[in-house]
Amino acid sequence: MKLTIDPNDRLGHINPETQGHFSEHLGRCIYEGVFVGEKNTDIPNVKGMRSDVVEALKAIKIPVLRWPGGCFADEYHWRDGIGPLEKRKKMVNTHWGGVVEDNSFGTHEYMELCRQLGCKTYVNGNVGSGTVREMSEWVEYMTFDGVSPMAELREANGSKEPWKVDYFGVGNENWGCGGNMTPEYYANLYRRYQTYVRNYDPARPISKVCCGSDGTDMEWPDKVMEICFKSPEQYHGFMDGLSFHYYTIPGDWDNKGSATEFDEKEWYRTLNKALEIENRITINEAIMDRHDPKGKVGLIVDEWGSWYDVEKGTNPGFLYQQNTVRDALIAGIHLNIFNKHCRRVRMANIAQLVNVLQSVILTDGAKMIKTPTYHVFDMYKYHQDAELVRSYIENETIGAEDEWKVPALQESASMGTDGKLHITLCNLSADKDQEIRAGFCGSVVKGVSAEIVGGEMHAHNTFEAPENVVKKSFDGCKVEGNDICFTIPASSVMHLAVEI
Ligand code: AHR
């Protein structure tokens, strides 16, 4: 197959945040997965944050972390999570397993985690069950540098300096778990709530994210754009982003399918559903273009990933699932699509960071493993802050059933901040390797290195065998004139770094 890339045809900037992550108070994501506290644990940590997890996330250059939910966000009352630990209120996590949430991980802990990770912050506010005052005071608490009741309270709790809130979500899925609202009702609430998300420091403005849809209801984004977005000439700053959620579920809601046991038909059905996100993004873009032709507002895909039945013997409310080579392909496909839509897609957050849906890390007590999805993020990190370039791949349609066909190959390419051309390529076939000849529209190829993640479609890492699926260097690339020739194995994701 022929892959054609024009390194000089620059199509847009790839925001690092398109490789973002999402952490929710759900199952063992925060507690155990990230935060073990400072007392009563043998797990090495800094201020309660697991050092192994922090190091692993820094290695993939985690750009932004969304918190505290998800559905949890619209039931979260931030004041319960500040102050002396022993005085923090306990609550029931009604969405996720009905377990006791002791609020030992709150605003200060989240900000400390982001400091250790060196990533941007994305805080999701509570519209569903919170008040305007509560939201406004949270923003004041986190960001105001001066004399005010909230700044004094923050200082009394140990943080004199304000933090930077890069993104603030005004509610989550408010058409569903975030209050079951109609679009008109939410849009009017959004206008009101966002008014009090003050930019106390104009030099460090907060990007405000308005709740969008799950991609099936297109009336929602249309209505909220109509009511909430005004051209910057009219009302500057009502919204900077519109969210959008899309999950890849192989089966249906009540029978999603197993994370590790599936046949070839299900492999193709799942990848077909992963590719569907591109149609949903395109529809969102069309709606946004109608209201905002200048592209001021970013599409924020702040939840995406695979969603399977929970692992046998685990709490159904904890959504704990394994992660195979199929998930590596799902991750590669999504990140390629986000690259190609970088004009509108300014942030995307895979759900969820550790121990939940398509996690990059799984933990069991003191043990930690990196999933196949982790290794894909590790290969794609070179696209962060890069310039998308035009690419095209000859293709064939493959698949086990007519309804669930997929292209054999899928790619994206960018000129990286290191001056190299980075190509990421997925082979969606369960069993067929593909010979590739890559050409570069007249640019001279001076060298190439490559790496790969893949294997048998069910392959995954376990705590007993943590390195079944890892990133490996690939030495099968040959430079022929100004072309690069190689064979990409079936069910694998590759990264080529080309000196040009
Ligand atoms: O990721 C799990 C849940 O899925 C989130 O809490 C919610 O926003 C979505 O419905």
Side-chain angles (χ1 to χ4, degrees), residues 20-31 33-34 65-76 91-99 101 105 110 122-130 167-181 186 209-217 220-221 224 241-254 256 259 273-274 277 280 299-311 314-323 327 330-331 334 347-362 371 373:
H21 292 258
F22 169 38
S23 59
E24 179 160 14
H25 288 244
L26 196 179
R28 297 184 301 113
C29 180
I30 299 287
Y31 302 110
V34 180
L65 183 62
R66 178 177 182 234
W67 172 82
C71 293
F72 182 79
D74 281 285
E75 271 194 315
Y76 181 63
M91 66 181 275
V92 184
N93 191 333
T94 49
H95 283 292
W96 306 122
V99 292
E101 161 65 56
F105 188 96
Y110 166 71
Y122 178 10
V123 176
N124 212 114
N126 178 347
V127 173
S129 69
Y167 297 90
F168 191 89
V170 181
N172 168 75
E173 294 193 355
N174 301 92
W175 35 265
C177 65
N180 291 307
M181 301 174 191
Y186 168 75
V209 180
C210 175
C211 170
S213 79
D214 67 348
T216 48
D217 175 4
W220 180 284
V224 297
L242 179 70
S243 73
F244 158 60
H245 293 175
Y246 182 81
Y247 285 100
T248 298
I249 301 173
D252 54 41
W253 190 251
D254 297 322
K256 299 185 181 72
K273 289 187 168 188
I277 194 175
R280 309 284 175 99
L299 185 61
I300 307 293
V301 190
D302 55 14
E303 288 183 29
W304 69 269
S306 55
W307 195 331
Y308 308 118
D309 294 332
V310 298
E311 293 301 316
T314 64
N315 186 330
F318 283 12
L319 312 185
Y320 175 72
Q321 67 186 40
Q322 252 294 356
N323 197 291
D327 296 279
I330 292 172
H334 277 75
M347 173 156 60
N349 311 72
I350 188 168
Q352 278 103 356
L353 194 64
V354 190
N355 292 335
V356 189
L357 299 178
Q358 194 176 349
S359 299
V360 288
I361 287 171
L362 303 177
T371 64
T373 298

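Both counts, for ligands and for their atoms, begin at 1 and track the order of listing. Keep in mind that the numbers below use all heavy atoms, side chains included, and drop hydrogens, waters and symmetry copies.
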* Can you list the ligand 1 atoms lying under 4.0 Å from a non-hydrogen atom of Gly70? -> 5 (C), 6 (O), 8 (O)

* In terms of residue, atom name and distance, what is the protein heavy atom nearest to atom 2 (C) of ligand 1? -> Gln352 NE2, 3.4 Å

* To do: State if Phe72 counts as touching ligand 1 under the rule of any non-hydrogen atom under 4.0 Å.
  => no

* Side-chain heavy-atom pair His21, Asn349 within 4.5 angstrom cut-off -> no

* To do: Please determine which of Ile30, Leu26, Asn124, Asn172 meets the side-chain contact (heavy atoms from CB on, under 4.5 Å) test together with Pro68.
  => Asn124

* **Arg28 to Tyr320 six-membered ring, cation-pi geometry met (6.0 Å, 45°)** => yes

* Asked: Can you name the residues that form a side-chain hydrogen bond (donor to acceptor under 3.5 Å, both in side chains) with Thr94, not counting sequence neighbours?
  -> Glu75

* **Ring centres under 6.0 angstrom apart (Trp253, Tyr247)** => no

* **Close-contact set for ligand 1 against Cys71 heavy atoms, below 4.0 Å** => 5 (C), 6 (O), 7 (C), 8 (O)

* Structure fact -> One finds that the ligand 1 atoms under 4.0 Å from a non-hydrogen atom of Asn172 are 8 (O)

* **Numbered atoms of ligand 1 (with element) below 4.0 Å of Trp307, judged on heavy atoms** => 2 (C), 4 (O)

* Structure fact -> On a heavy-atom basis, the closest approach of Ala259 and Glu311 is CB-OE2, 3.6 Å

* Asked: Counting from 1, what ligand 1 atoms have a heavy atom of Glu173 closer than 4.0 Å?
  -> 7 (C), 8 (O), 9 (C), 10 (O)

* When you measure from atom 7 (C) of ligand 1 to each heavy atom in Glu303, His95, His25, which option holds the nearest one? -> Glu303

